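Computed from a predicted model, the values in this text were never measured in an experiment. Convention: sequence-line order gives letters A, B, ...; per-chain numbering from 1. In what follows, every heavy atom counts, from backbone to side chain, and hydrogens, waters and symmetry copies are set aside.
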Amino acid sequence: MTTKTIKVDYLARVEGEGALDLHIEGGTVKTANLRIFEPPRFYEAFLQGRSHIELPDIVARICGICPVAYQMSSVQAVENAFGVKVEGQLRALRRLLYCGEWIESHALHVVMLHAPDFLGYPDAIRMAEKHGDVVRKGLALKKTGNAILRILGGREIHPVNVKPGGFYKVPTKAELVPLAEELKQAFDLAVDLVRWVATFDFPDLERDYEFVAMRHPDEYPITEGRLVSNRDIDIDIADFESEFEERHVAHSTALHALVKRRGAYLVGPMARYALNYDRLPGSIRGLAREAGLGPVCSNPFRSIVVRALETAFACEEGLRLIAAYEQPESPAVPLEPRARTGFGCSEAPRGICWHRYDFEEDGTIRTARIVPPTSQNQPSIEEDVAAVAAPIASEPDDVIRHLCEQSIRNYDPCISCSAHFLKLSVHRT
Amino acid sequence: MTARPKLAVWKFASCDGCQLSLLDCEDELLAVAGAVEIANFPEASSAIVEGPYDLSLVEGSITTPHDAERILAVRKQSKFLVTIGACATAGGIQALRNFADVKDFVAAVYASPQYIDTLATSTPISAHIPVDYELHGCPINKAQLVEVISAFLAGRKPAVPAHSVCIECKQRGSVCVMVQGTPCLGPVTHAGCGAICPAYRRGCYGCYGPMETPNMPALARGWRELGADGRDIRRALRSFNAWAEPFRKESAAHDD
């Protein structure tokens, strides 16, 4: 019996440091381990003793790609603990800021990091030699997302304007008008992007995922909702810990999250889409049909289409929010700290980002727990890789390596977040 | 045709935000890619060209025994090495472990501490190897990054001012928040962000780290006059550039 090991020692086009070890025994895939060796930074430890006011600035630094997700989940947790609800235009501005992050992050992944896989290029720069127009349009789309972050947040990476209760300063209606113009063009670019990625050749793979996403009574979920799955989960975000657990495994500095009763689950665009198809506007559902997507997509390679679709949605949603915007009288609602526990959860571009904090009487953080999307997707990524490698286990290492790497990139994994990524090793025996 | 200079981007303990700044140069990215050969940039490309490299951009701080070795190898392969961001130039927010016992930190986050191989400290790149240029910021300013790369290509010194955020506030026409009663780290903080926070009606929180020769005691006095106590000052100075010497020293002076 031949045993072999295939290794990818440093995964490219992912955010952070990781690797993959694949053990193949007698032509059968025995294990697929996603090794995350991103150095731990111990956020939950050094948050102890810090003020609730500093929280959104600090947790933003968990991830340079999706700082707004961490800011939003954290301020929600503060407000939840102190018994305050941020509503009306302040809530709308938060949703708009988050749309900016979805557009920026999704456009980066779809065009710059993921599309090269389907067209056989090592990166978007080389892809631009033949597909310059697509790359330039992708960059323009990304730039529009960043423009939202800059105007509402002060800057693209680690925005400074978010605080518990609302914002430090809110924009005038006039300040948002140029954004609306940009978003109209960005929507057209995103529609073209959906049509373009829909033409790619997708490997055949249908997986039976447990999708987990937020669900809101009348919105496609971004900033709030209940936690639901396509099996039987339908819980308040405060009950996350009773349904989900995190395990510390030796091969990863990111914890593995599992549904306690069942195991691996999937968060992110495919989960949001499958669980909230009926919450998408008619225009986006029409675009999905045109791109060949039904109400559920279970082929992880097609996640690129769903991601492009969500980009178009975020542009349309941004436009709607700007059209309905009226400058609120106060940039934030006042908060009175109290000794309580608060929960926050929002839909980061890569999936749910769950936070829990215990506060002391004066708003000082006593304990913190943060569950980022990529750590939740790790077990699912490993199952995908095993499923993808199984039918081609006797093929040459390079063939296996390429498809496994691509399977990991399907998730747009953010390893900096999850360890707070990737080398591939194939072990054959 | 002469060969284009080879660019490498390296990551240590960080959030990826500073190298993302390069991909955030939406208008300049393809021009930069034309002027240099992107030889080693794993976040953006799976094509890795072997060293040596003419220009290395290093993001992140040193927090593991493995990374302490790896940075030596990066230096050996790099002709000109620039650290980008607060992690690489000052140790980053993860340097808060330097003020505590790292064993407690590991235990607070991980169920099986024996799986975690980490150093007791998070230190800047310059604590391990000679660095040719340091670009400040959490995150860095992408226009300054383009300036650093352009200056390197032209063989000149980058035009990156070393004064305080206060000057940028004046240039922007913002009203001083400190005179309105809001504590601000602007007077001691390195310029580069464009004085964003005061323009958004909040005090600077020092994410670009200390300017050259800051007057820290004067700043602390100013904060106390506005009602801040020792804990407020300590918290403010112990964030993304906590291990930078002026911030570290002044924060220790306000220990209870």
Side-chain angles (χ1 to χ4, degrees), chain A residues 10-17 37-46 48 50-51 54 57-58 61-65 67 108 112-113 116 122-126 128 132 135-136 139-140 142-143 146 154-158 160-161 163 168-169 247-250 253 255 331 405 414 416-417 420, chain B residues 11-21 23-24 26-27 29-30 33 38 41-48 60 63-64 66-67 92-94 96-97 100 102 104-112 115-116 118 122 138-139 141-142 193-194 196-197 199-202 205 207 232 235 239-240:
Chain A
Y10 200 104
L11 272 166
R13 280 181 280 134
V14 298
E15 296 99 16
E17 297 183 284
F37 51 90
E38 177 80 20
R41 289 177 290 156
F42 308 114
Y43 272 82
E44 286 100 332
F46 64 66
Q48 295 175 9
R50 305 297 299 214
S51 159
E54 306 174 286
D57 297 328
I58 295 176
R61 269 70 181 184
I62 292 174
C63 179
I65 326 282
L108 171 73
M112 305 301 288
L113 308 180
D123 55 60
I125 307 288
R126 275 115 177 152
V135 173
R136 274 186 293 274
L139 287 168
K142 181 168 169 307
K143 193 177 170 185
N146 275 334
R155 64 183 167 198
E156 298 88 341
I157 301 168
H158 306 329
V160 304
N161 196 20
K163 73 171 189 181
Y168 287 93
K169 184 188 166 199
R247 285 189 198 152
H248 188 190
V249 297
T253 53
L255 303 173
E405 269 199 88
C414 185
S416 298
C417 303
H420 292 256
Chain B
K11 178 185 154 58
F12 292 85
S14 66
C15 78
D16 274 59
C18 290
Q19 49 177 319
L20 178 68
S21 297
L23 297 175
D24 268 356
E26 289 99 358
D27 294 330
L29 183 62
L30 293 177
I38 297 182
F41 187 7
E43 178 167 323
S45 176
S46 45
I48 305 293
T63 62
T64 66
H66 173 247
D67 279 354
I93 184 107
Q94 56 274 19
L96 289 175
R97 75 178 66 177
V102 77
D104 296 338
F105 272 36
V106 177
V109 181
Y110 293 101
S112 309
Y115 296 160
I116 300 296
T118 190
S122 169
C138 181
N141 176 327
K142 64 181 183 181
C193 66
I196 302 166
C197 286
Y200 281 76
R201 296 189 192 136
R202 64 177 292 191
Y205 61 89
C207 66
D232 297 330
R235 278 176 171 167
S239 67
F240 316 105

Asks: Which residue is it: B/Pro139, B/Cys18, B/Cys138? I am looking for the one with a side-chain contact (heavy atoms from CB on, under 4.5 Å) to A/Ile157.
Replies: B/Pro139
Asks: Hey, which of A/Gln48, A/Arg50, A/Glu156, A/His158 has the most heavy atom pairs under 4.5 Å with chain B?
Replies: A/Arg50
Asks: Could you tell me the separation between the NZ atom of A/Lys169 and the SG atom of B/Cys197, rounded to the nearest 0.5 Å?
Replies: 12.0 Å
Asks: Answer with side chain, backbone, both or neither: which region of B/Ala100 has an atom nearer than 4.5 Å to a non-hydrogen atom of chain A?
Replies: neither
Asks: Which atoms of B/Ser21 come close to chain A, meaning under 4.5 Å heavy atom to heavy atom: side chain ones, backbone ones, both, or neither?
Replies: both
Asks: If we define contacts as heavy-atom pairs under 4.5 Å, which of B/Thr63, B/Ile93, B/Leu23, B/Asn141 has the most with chain A?
Replies: B/Ile93
Asks: Check the pair B/Cys15, A/Arg41 against side-chain contact (heavy atoms from CB on, under 4.5 Å), reporting the backbone distance first and the verdict last.
Replies: CA-CA 10 Å; B/Cys15 78; A/Arg41 289 177 290 156; 3.7 Å; yes
Asks: Tell me, please, which residues at least two apart from A/Arg155 pass salt bridge (charged side-chain N to carboxylate O under 4.0 Å, His left out).
Replies: none
Asks: With chain A, which of B/Ile196, B/Asp232, B/Thr118 has the greatest number of heavy-atom pairs at distances under 4.5 Å?
Replies: B/Ile196
Asks: I need the residue from B/Thr64, B/Val106, B/Asp67 with the largest number of non-hydrogen atom pairs under 4.5 Å to chain A.
Replies: B/Val106
Asks: For residues A/Leu108 and B/Leu20, determine if any side-chain heavy atom of one lies less than 4.5 Å from a side-chain heavy atom of the other.
Replies: yes
Asks: If you tally heavy-atom pairs under 4.5 Å against chain B, which of A/Ile58, A/Asn161, A/Asn146, A/Asp57 wins?
Replies: A/Asp57
Asks: Using non-hydrogen atoms and a 4.5 Å limit, figure out which bit of B/Ala107 sits close to chain A: side chain, backbone, both or neither.
Replies: neither
Asks: Give a yes or no on whether A/Lys163 atom NZ has more than 12 heavy-atom contacts from other residues, nucleotides or ligands under 6.0 Å away.
Replies: yes
Asks: Sort out for me which of B/Arg97, B/Arg235, B/Arg201, B/Lys142 touches chain A most, counting heavy-atom pairs under 4.5 Å.
Replies: B/Arg235
Asks: With B/Asp104, which residues qualify under salt bridge (charged side-chain N to carboxylate O under 4.0 Å, His left out), at least two apart?
Replies: none
Asks: By a 4.5 Å heavy-atom criterion (distance strictly below it), what part of A/Arg126 contacts chain B: side chain, backbone, both, or neither?
Replies: side chain
